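What follows is a set of notes on a single structure, which appears directly below.
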Amino acid sequence: MRLYNSLTRSKTDFVPQDPEHVTMYVCGPTVYSFAHIGNARPAVVFDVLARLLRHDYPKLTYARNITDIDDKINAAAAKAGVEIGEIARTYTQAYYDDLEALGVQPPDVTPHVTEHVDDIISMIEQLIAADHAYAAEGHVLFNVPSYPDYGKLSNRDRREMIAGARVEVAPYKQDPADFVLWKPSSDDQPGWDSPWGRGRPGWHIECSAMAKAHLGETIDIHGGGSDLQFPHHENEIAQSTCAHGGATYARYWLHNGLLNLDGQKMAKSVGNVLRIRDVLQQVPGEVARYVLLSAHYRQPLDWSDEVLTQARTTLDRIYRALEQLKDVEAAQAGAPDAVLQSLRDDLNTPQVFAEVSELVRAANKAGSDAERAAVKGSILATGALLGLFQADPAGWFAGETGDDEATEIDALVAQRQQARADKDFAAADRIRDELAARNIIIEDAAGGVRWRRG
RNA sequence: GGCUAGGUGGCAGAGUGGUGAUGCAACGGAUUGCAAAUCCGUACUACGUCGGUUCGAUUCCGGCCCUAGCCUCCA
């Protein structure tokens with residue numbers, strides 16, 4: 001498997017430190033509001049990577065955190081007049097629900113910051129003991145000059161950053177680039193007792209502490225959005241490396257490209273957010289998932305109604321082929337080599353979709369039962385790696401149709417079939433028009449009639 | 001201003017130093033009671049721009065233009 005490592009800015013062979021046990025950590029959300037579709041991209045992309053790693057290696061431990069201590073959560077709670085925990089719980093559950101709808105398998109571990117405050121405190125103590133951090137006015141700060149490699153991941157020169165003059169200068173900082181590991185809480189703010197008084201962790205330390213707690217000092221793969229490369233991941237590297245006596249923190253850094261809406265990145269801070277649940281009102285989760293995988297994960301992805309429509313059309317075509325094969329038992333052959341090779345080439349999902357379309361054509365042309373069984377097995381096995389194509393085809397085409405309505409439609413379709421058998425095409429077309437008016441499209445396939453939502 | 005990605009046919013989107021993926025849309029044909037679907041085929045003179053290297057560049061190198069991201073919270 002080859003992966004593009006942001007740290008070396010090159011595609012390299014992936015060699016796990018322990019081939020018997022691969023470890024991966026992905027930055028999860030801060031739960032202060034509903035997740036938007038851009039937040040879904042890393043979840044979906046790294047879900048596919050996790051599936052591939054499980055396919056290729058005997059064991060994977062995949063951790064994706066929930067950041068449930070954050071000043072934005074505090075602000076949301078204050079605004080809503082509820083406890084912090086309630087905000088965190090509400091949006092954590094919403095995140096789980098949204099991802100489930102997108103076919104994302106739960107990671108092996110979902111660490112919460114609130115459960116790791118002790119780990120955070122002890123890591124900060126280690127950093128202070130090693131002279132990489134210092135306490136000042138109730139804060140604890142990481143001393144950036146103490147780590148000469150700082151800036152390596154984001155290819156940034158410290159002096160130039162300071163020249164940018166956008167770093168916050170605070171009187172208690174020894175160096176303008178120093179960042180907060182721990183900060184004091186006022187009485188009305190959530191806080192935890194610590195050697196430096198009652199306070200709460202800064203933004204970056206939680207990932208370092210949780211990765212260590214669940215995956216050890218050196219992890220194989222660390223993923224997240226490209227906007228986290230600096231400062232978040234840079235700071236994680238500094239903290240973890242310095243706390244662990246120089247041990248490598250993450251061996252492969254993977255960053256997904258951002259999602260654009262109207263040519264601009266989608267972000268809560270920009271205000272052009274499209275929530276996952278808004279998208280799910282519009283299309284099935286699988287359509288959204290297909291769109292998220294339709295561009296290479298490192299490329300920017302423009303979200304629009306057009307790409308949703310195209311994804312739906314493509315999935316219709318795939319499910320149509322599977323529907324034709326519904327009476328064929330799929331061969332247990334696994335995904336085709338071409339598919340595996342494409343996925344192992346830095347997760348080239350667009351290439352995989354090209355291969356899927358070849359499979360679909362082969363399915364539509366297949367003459368023998370053996371061929372049909374083989375190609376069905378290939379499509380389903382490919383889909384299992386992508387988290388797609390696993391739905392029941394009839395259910396896919398019925399969409400949101402209720403059982404009662406489906407029964408009624410089935411009856412009308414049967415009537416039309418009888419009319420056609422009687423060569424009463426006027427009656428048959430009348431029924432078809434009637435259904436068309438309800439946005440139901442009839443397809444007279446070789447093996448029988450099929451109907452779908454238009 | 002610094003750093004990092006990109007700029008591919010009507011749209012989406014891979015990829016490659018020399019036989020121009022794939023899907024959608026378009027067009028023609030087969031099939032069909034008619035449609036839809038499916039299959040076959042065609043086309044769009046596709047690779048931001050100007051130079052360089054090369055027998056040959058969309059693919060390598062350099063300049064320029066443009067876009068997005070990061071440099072501050074952000075997936």
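Below, all heavy atoms of this structure are taken into account, side chains as well, without hydrogens, waters or symmetry copies. Within every chain, numbering begins at 1; the chains are lettered A, B, ... in the order of the sequence lines, protein sequences first and strands thereafter. Fair warning: this is a prediction, and the values are worked out from it, not measured in the lab.
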May I ask you to list the residues of [range], by number, that have any heavy atom positioned under 4.0 Å from an atom of RNA chain B?
| range | answer |
| --- | --- |
| residues 274-293 of chain A | none |
| residues 231-239 of chain A | none |
| residues 296-305 of chain A | H296(A), Q299(A) |

Please report the distance, rounded to the nearest Å, between [atom1] in [X] and [atom2] in [N].
| X | N | atom1 | atom2 | result |
| --- | --- | --- | --- | --- |
| F397(A) | A37(B) | CZ | P | 11 Å |
| L435(A) | C34(B) | CG | C1' | 16 Å |
| Y150(A) | C3(B) | OH | P | 18 Å |
| I318(A) | U22(B) | CD1 | P | 15 Å |
| D346(A) | A5(B) | CG | P | 14 Å |
| D429(A) | A36(B) | CG | P | 13 Å |
| L258(A) | C73(B) | CG | C1' | 14 Å |
| L102(A) | A75(B) | CG | P | 16 Å |

#### Entry: Carboxylate-amine/guanidinium proximity below 4.0 Å for R430(A) and D433(A)
no

### Query
Would one find more than 12 heavy atoms of other residues, nucleotides or ligands at under 6.0 Å from atom CD of E405(A)?
yes

### Query
Sequence neighbours excluded, which residues qualify as side chain to side chain donor-acceptor pair (under 3.5 Å) partners of D345(A)?
K11(A)

### Query
Hey, does the Lys NZ or Arg CZ of R298(A) hover above the aromatic six-ring of Y4(A), less than 6.0 Å from the centre and inside 45° of the axis?
yes

Using the [atom1] atoms only, state how far [M] lies from [N], rounded to an integer number of Å.
| N | M | atom1 | answer |
| --- | --- | --- | --- |
| G7(B) | C47(B) | C1' | 10 Å |
| G18(B) | C60(B) | C1' | 15 Å |
| G63(B) | C55(B) | P | 24 Å |
| G9(B) | A25(B) | C1' | 12 Å |
| U8(B) | A21(B) | C1' | 12 Å |
| A36(B) | G28(B) | P | 13 Å |
| A30(B) | A35(B) | C1' | 16 Å |
| G62(B) | U53(B) | C1' | 11 Å |

When all nucleic acid strands are considered with a 4.0 Å heavy-atom cut-off, which category describes [X]: base, sugar-phosphate, or nothing?
| X | result |
| --- | --- |
| S154(A) | sugar-phosphate |
| E443(A) | base |
| G38(A) | base |
| N39(A) | base |
| K423(A) | nothing |
| R452(A) | sugar-phosphate |
| Q310(A) | base |
| R420(A) | base |

### Message
Checking D278(A) now: which residues fulfil salt bridge (charged side-chain N to carboxylate O under 4.0 Å, His left out) with it, not counting sequence neighbours?
### Response
R275(A)

By ring-ring contact (aromatic ring centres under 6.0 Å, His included), which residues pair with [X], not counting sequence neighbours?
| X | answer |
| --- | --- |
| Y297(A) | none |
| Y62(A) | none |
| H232(A) | W203(A), H204(A) |

## Note on the structure
Going 5' to 3' through nucleotides 25-31 of chain B and flagging B where a protein heavy-atom sits under 4.0 Å of the base, S where only the sugar-phosphate is that close, and - otherwise, we get -------

Any donor-acceptor pair under 3.5 Å from [X] side chain to [Y] backbone:
| X | Y | result |
| --- | --- | --- |
| T23(A) | L215(A) | no |
| S208(A) | E236(A) | yes |
| H112(A) | T114(A) | no |
| R289(A) | L102(A) | yes |

### Message
Both R416(A) and E355(A) contact RNA chain B. Taking the nearest nucleotide for each, which residue is further toward the 5' end?
### Response
E355(A)

### Which residue lies more 5' along RNA chain B, comparing A295(A) with R432(A) via nearest heavy atoms
A295(A)

For residues [X] and [Y], is any side-chain donor paired with an opposing acceptor at under 3.5 Å?
| X | Y | answer |
| --- | --- | --- |
| Q351(A) | S342(A) | no |
| S10(A) | T8(A) | yes |
| Y32(A) | N74(A) | no |

### Task
Ignoring backbone atoms, establish whether N256(A) has a side-chain N or O less than 4.0 Å from OP1 or OP2 of A75(B).
no

### Message
I need the full list of side-chain hydrogen bond (donor to acceptor under 3.5 Å, both in side chains) pairs touching residues 376-396 of chain A, with sequence neighbours left out, sorted by first then second residue.
### Response
D316(A)-W396(A)

### Task
Kindly indicate whether the side chain of N348(A) and the base of G15(B) share any N or O donor-acceptor pair separated by less than 3.5 Å?
no

#### Entry: Side-chain-base donor-acceptor pair under 3.5 Å for R450(A) and A36(B)
no

### Nucleotide opposite G62(B) in a Watson-Crick or G-U pair, distances under 3.5 Å
C50(B)

### Query
Paired with G41(B) by Watson-Crick or G-U wobble geometry, both distances under 3.5 Å: which nucleotide is it?
C27(B)

### Task
Go through the structure and list residues passing side chain to side chain contact (heavy atoms under 4.5 Å, CB included) with Q310(A), not counting sequence neighbours.
none

Which pairs, protein N/O on one side and nucleotides 38-42 of chain B N/O on the other, fall under 3.5 Å?
unit_1	atom_1	unit_2	atom_2	d
U38(B)	OP1	R317(A)	NH1	3.4
U38(B)	O3'	N364(A)	ND2	3.1
C39(B)	OP1	N364(A)	ND2	3.3
C39(B)	OP2	R317(A)	NH1	3.3
C40(B)	OP1	K365(A)	NZ	3.0
C40(B)	OP2	R361(A)	NE	3.4

### Task
Please determine which of W253(A), F14(A), Y25(A) meets the side-chain contact (heavy atoms from CB on, under 4.5 Å) test together with I221(A).
F14(A)

### Task
Taking all non-hydrogen atoms of both residues into account, name the closest pair between S226(A) and G257(A) and its distance.
OG-CA, 4.3 Å

